[in-house]
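First comes the structure, then the notes that go with it.
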There are 2 protein chains.
Amino acid sequence: MKLDRRIDIKLTPQRLAILECLVGNTSHPSASDIYKSVFEKFPTMSFATVYNTLETLKEKGVVVELSIDPDKKRFDPNTIPHHHLLCLRCKIIKDIFEKFSLVLSESEEYNFDIIGNHVDFYGICPQCKGVESNKHK
Amino acid sequence: MKLDRRIDIKLTPQRLAILECLVGNTSHPSASDIYKSVFEKFPTMSFATVYNTLETLKEKGVVVELSIDPDKKRFDPNTIPHHHLLCLRCKIIKDIFEKFSLVLSESEEYNFDIIGNHVDFYGICPQCKGVESNKHK
DNA sequence: ATGTGTGCAAACGCTTTGCAATTTG
DNA sequence: CAAATTGCAAAGCGTTTGCACACAT
């Protein structure tokens, strides 16, 4: 999250609380996670504000929206390009900083203007391996 | 979609209609897309049946669920490992058959049992480039 | 008869929206 | 003060669920 450079938005208390929740947060929280976390110290916080703020931060390039979790959007305050590893059971997401060479042949570009790419790895995390209660579903 | 091998499920008319909709379908349809398409020829089709059938087909390895589209799950009857290219405006998805070397260093595996990976490319498709009505949002 | 699949409608979770009241620069 | 932001509640959309009915072996 680029907090060192000036982000040109009005800094309301609500936004500051959301930013504070995001700085250094490597849990890839959903909007709901953020709402719950911020609500504790800020009981008037509303979902609308969380979603509005996330949208603004996305536009400013301060956070990135992930679609690795099929159930909901999750947000990453780390804007350094990197990839992710998802546990299919508990949905924890780990960061992957390995660099891959992902060059498309011209025929596979389909004349798109390619903006970016993202590698998702899927697996089972050490905590979920062997935990009987997680084996079904 | 592996229709050449026997898939061990009861082939009801509803399931056949859904399979027929999926065979050779490269549009990566959502459940709703499939429902709409099948409903035309099968007016008693219900959402429940579409979702139930997709779940069954997923378990049998006949279709793959994609999470590249942040708005909804989409389904791919092509089970040959491949990657995808999404247009951020119209959400069309193209298949990418390029092979990439995606080896994780041990430290980046976080002790996960890694099951698979998927490369998502993002961009703007030729149809959406320069279409004024798509430029905002 | 037993188990499996279907269809409907309700419910659910995540996300968006409209709008009046408030706050910010 | 003008413009932007907030909070609330309702609505929207994709998805899941419970249950009665139908079907197949």
Side-chain angles (χ1 to χ4, degrees), chain A residues 6-21 27-60 62-76 91 93 136-137, chain B residues 6-21 27-60 62-76 86 88 91 93 136-137:
Chain A
R6 193 135 311 280
I7 42 174
D8 182 27
I9 59 172
K10 287 190 184 177
L11 286 179
T12 65
Q14 291 87 338
R15 287 177 167 179
L16 282 170
I18 291 169
L19 282 167
E20 199 175 303
C21 165
S27 71
H28 310 84
S30 66
S32 175
D33 294 334
I34 294 166
Y35 171 77
K36 277 180 213 145
S37 160
V38 173
F39 182 82
E40 288 172 21
K41 291 183 177 176
F42 215 119
T44 71
M45 177 69 55
S46 74
F47 270 100
T49 299
V50 172
Y51 280 103
N52 286 339
T53 300
L54 284 171
E55 181 62 30
T56 304
L57 294 177
K58 241 167 59 184
E59 282 167 11
K60 296 289 176 183
V62 178
V63 296
V64 175
E65 180 185 301
L66 307 181
S67 52
I68 185 175
D69 184 337
D71 294 331
K72 57 192 169 219
K73 293 171 184 170
R74 292 173 63 165
F75 297 87
D76 195 339
K91 307 295 174 70
I93 297 176
H136 36 78
K137 166 110 206 179
Chain B
R6 194 135 308 281
I7 45 174
D8 182 28
I9 59 171
K10 287 189 185 175
L11 286 178
T12 65
Q14 291 87 340
R15 286 177 169 178
L16 281 170
I18 291 169
L19 281 168
E20 200 175 302
C21 165
S27 72
H28 311 82
S30 65
S32 176
D33 293 334
I34 294 166
Y35 171 76
K36 278 180 213 145
S37 160
V38 173
F39 183 82
E40 288 172 22
K41 291 183 177 176
F42 215 118
T44 71
M45 177 68 56
S46 74
F47 269 100
T49 299
V50 172
Y51 280 103
N52 286 341
T53 300
L54 285 170
E55 181 62 29
T56 304
L57 295 178
K58 239 167 59 182
E59 281 167 11
K60 296 289 177 184
V62 178
V63 296
V64 176
E65 180 185 303
L66 307 182
S67 52
I68 185 175
D69 185 337
D71 293 331
K72 57 193 168 220
K73 293 172 184 171
R74 293 172 64 165
F75 296 87
D76 196 338
L86 173 82
L88 293 170
K91 306 295 173 73
I93 297 177
H136 37 79
K137 165 116 205 177

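In what follows, chains are A, B, ... by sequence order, proteins preceding strands, each numbered from 1.
When the P atom of C/dT15 is taken as reference, atom CG of A/Asp69 falls 10 Å away, rounded to whole Å. Put simply, NZ on B/Lys36 is 10 Å from P on D/dC13, counting in whole angstrom units. Put simply, CG on B/Leu66 is 16 Å from P on D/dG14, counting in whole angstrom units. Between the CD atom of B/Glu55 and the P atom of D/dG14 there is a distance of 19 Å, rounded to whole Å. As rounded to whole Å, 14 Å separates atom P of C/dT4 from atom CD1 of B/Ile9. Atom pair A/Arg15:CZ and D/dG7:C1' shows a separation of 14 Å (rounding to whole Å applied). Distance, A/Leu11 CG to D/dA4 P: 16 Å, rounded to whole Å. Atom CG in A/Asn52 sits about 12 Å away from atom P in C/dG18, given to the nearest Å.
Not a single donor-acceptor pair under 3.5 Å links the side chain of B/Arg74 to the backbone N or O of B/Ile68.
Counting only heavy atoms from C-beta on, A/Lys10 has its side chain closest to D/dA4 among C/dC8, C/dT15, D/dA4. Nearest nucleotide to the B/Ala31 side chain, out of D/dT15, C/dC14, D/dT6: D/dT15. Closest to the A/Phe47 side chain, of the nucleotides C/dT17, C/dT6, C/dT15, is C/dT15. Comparing atom distances between the B/Met45 side chain and each of D/dG14, C/dG7, D/dG7 picks out C/dG7 as nearest.
Note on A/Pro13: only backbone sugar-phosphate atoms sit closer than 4.0 angstrom, heavy atoms only; bases stay farther off. Here B/Ser32 lies out of heavy-atom contact (under 4.0 Å) with every strand.
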| task | Report the C-alpha distance between A/Asp33 and A/Ser30 in whole Å, list the side-chain angles of each, state the deciding distance to 0.1 Å, and finish with yes or no for side chain to side chain donor-acceptor pair (under 3.5 Å). | result | CA-CA 5 Å; A/Asp33 294 334; A/Ser30 66; 3.1 Å; yes

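Counting only heavy atoms from C-beta outward, the side chains of A/Glu65 and A/Phe75 approach each other to under 4.5 Å. In this structure, the side chains of B/Thr12 and B/Thr53 stay at 4.5 Å or more apart for every pair of heavy atoms. Considering only heavy atoms from C-beta on, A/Ile9 comes within 4.5 Å of A/Leu11 through its side chain.
The side chain of B/Ser46 places no N or O atom within less than 4.0 Å of a non-bridging phosphate oxygen (OP1 or OP2) of C/dC8. Distances shorter than 4.0 Å separate none of the side-chain N or O atoms of B/Thr12 from OP1 or OP2 on C/dG5. The shortest distance between the side-chain N/O atoms of B/Tyr51 and the OP1/OP2 oxygens of D/dT15 is below 4.0 Å. Of the side-chain N and O atoms in A/Lys73, one or more sit less than 4.0 angstrom from OP1 or OP2 of C/dT16.
Nearer to the 5' terminus of DNA chain D, by closest-nucleotide assignment, is the contact made by A/Gln14 (compared with the other of B/Arg74 and A/Gln14).
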